[in-house]
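Have a look at the structure below before the remarks.
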Amino acid sequence: MDNSESTFKKKVLVAMSGGVDSSVAALMLKEAGYSITGVTMCLGIRQDEDRASCCGGDAIEDAKRVCGQLEVPHFVFDFAPLMEERVIRKFMEEYLEGRTPNPCIDCNRYLKFDALLSRARGMGFDYLATGHYARIEREDHHWRLLKPKDRNKDQTYFLYPIKKEDLPHILFPLGDMKKEDVRARAHSAGLHVAQKAESQDICFVPQGNYRRLFEERNLTSLPGDIVDLSGKILGRHTGIISYTIGQRGGLGISAKKPLYVLRFDAAKNRVIVGGKEDLFAAGLIAGDLNLLADEFPDEVEAKIRYRKKPAHCTVKKEDGKLRVTFQEAQESITPGQAVVFYAEDEVLGGGVIDESF
RNA sequence: UGGGGCGUCGUCAAGCGGUAAGACACAGGAUUUUGGUUCCUGCAUUCGGAGGUUCGAAUCCUCCCGCCCCAG
């Protein structure tokens, strides 16, 4: 991190979830001499015990306590209506259309790096900081979003929706740290969140069962047939929302080889299944783009899901969309999920997968 | 009711006298700031039922029950 005096007294709003990462992010900035203020977004989510949450109720208490230890102010912003509108509702609409949403990306896109960021700017803060593992670097007048030092925790896949013009106003203090360093740092600073578990599962879904959300809102997904590629009926599904492409479990069909969800036939309310070999596709079309780089090299790398090695591909622009062709066929390309482009460490941008081909 | 065949885990299926493989499904766990994938573990004291032969049977014999096929 830049430790020069130019950072002195710069005002930073730190988005704090109550977890180790954002707590240490705040700690690092404080020690670097920034004037920091913590903020936790209240997302209107019920808190279940034993659930590590990125945004729930006692998350606020944990964040407040850390801010107390750091002797910095802490605010809570009510983002519940926005969360409901832009993340949760979209999440359900996507599933009902046979797509697989990525709510964590939408949370970054609409809440953290849009609403929260502009609010921070409006309040006179120079920067918004989060505990994400990613780096932002300046090169002349060009700002780049980069993979973090800890490749194992690389979260850039979730960050591609950040607008290019916002990069100069965002700080990722953990970009050069390893996860174990972060925990050690939290421990030595006496932060009570040092041993807190990694967040997992969708924060607004109780007990990992997102189907309950649909029930609570009286949204139904009708049962239908499960068929193979030839159209032969193999079984019944409980509603299209319970499946995603590449899914193996939950089909309840006994066959010679394991069966995977290949795609959906929305018109017939069918789930089409086949062998693992049928899961591979040569490319995809992506829309809803956010490009961070002005130019794409001829050949780039793309990630079609979190925690997967980027794959070599070529990208062509086609009326507002990108046509991505992979060097090697990719498994389980899933509409609704993000595709994020890289050139070495740099995030070039990304989009939402419309279809595979 | 003349002849033939078959009944082993939820499903498919090895075993053919020596003390129940495997696959799929399912369950639990690990991994993970989405979903899924993947990995690990578990999963028939029992072989349609009842007797009998044998040191010992799912495997041999008898009867019964239930399916399937070919003849009428």
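Checked by atom type and distance alone, the side chain of A/S22 pairs as donor or acceptor with a backbone atom of A/S17 at under 3.5 Å. Not a single donor-acceptor pair under 3.5 Å links the side chain of A/D126 to the backbone N or O of A/K10.
Annotation: B/rU1 and B/rG10 have their P atoms spaced 34 Å apart (nearest Å). Nucleotides B/rC12 and B/rC6 are separated by 16 Å at their C1' atoms, to the nearest Å. Straight-line distance between the P atoms of B/rA25 and B/rC68: roughly 29 Å, to the nearest whole Å. The separation of B/rG48 from B/rG22, taken at their C1' atoms, amounts to 23 Å, rounded to a whole angstrom. Look at the C1' atom in both B/rU62 and B/rU19: the space between them is 24 Å, to the nearest Å. Atom C1' of B/rU46 sits at a distance of 22 Å from the matching atom of B/rU41, rounded to the whole Å.
Spacing between atom OH of A/Y157 and atom C1' of B/rG36 amounts to 11 Å, rounded to whole angstrom units.
Each of B/rG36, B/rA25, B/rU34 was ranked by its minimum atom distance to the side chain of A/T244; first place goes to B/rG36.
Counting only N and O atoms by type, the side chains of A/Y342 and A/T156 include a donor and acceptor under 3.5 Å apart.
For A/Q337 against B/rU34, a side-chain-to-base donor-acceptor contact under 3.5 Å is present.
When heavy atoms are screened at a 4.0 angstrom cut-off, A/G275 is found touching no nucleic acid atom at all.
Phosphate contact (OP1/OP2 of B/rU38, side-chain N/O of A/K276, threshold under 4.0 Å): present.
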| field | Dot-bracket encoding of pairs in RNA chain B, which uses [ ] for pseudoknotted crossings and | for another strand, Watson-Crick or G-U under 3.5 angstrom | value | .(((((((.[[[..)..(...]]].(((((.......))))).....[[[[[..)....]]]]]))))))..
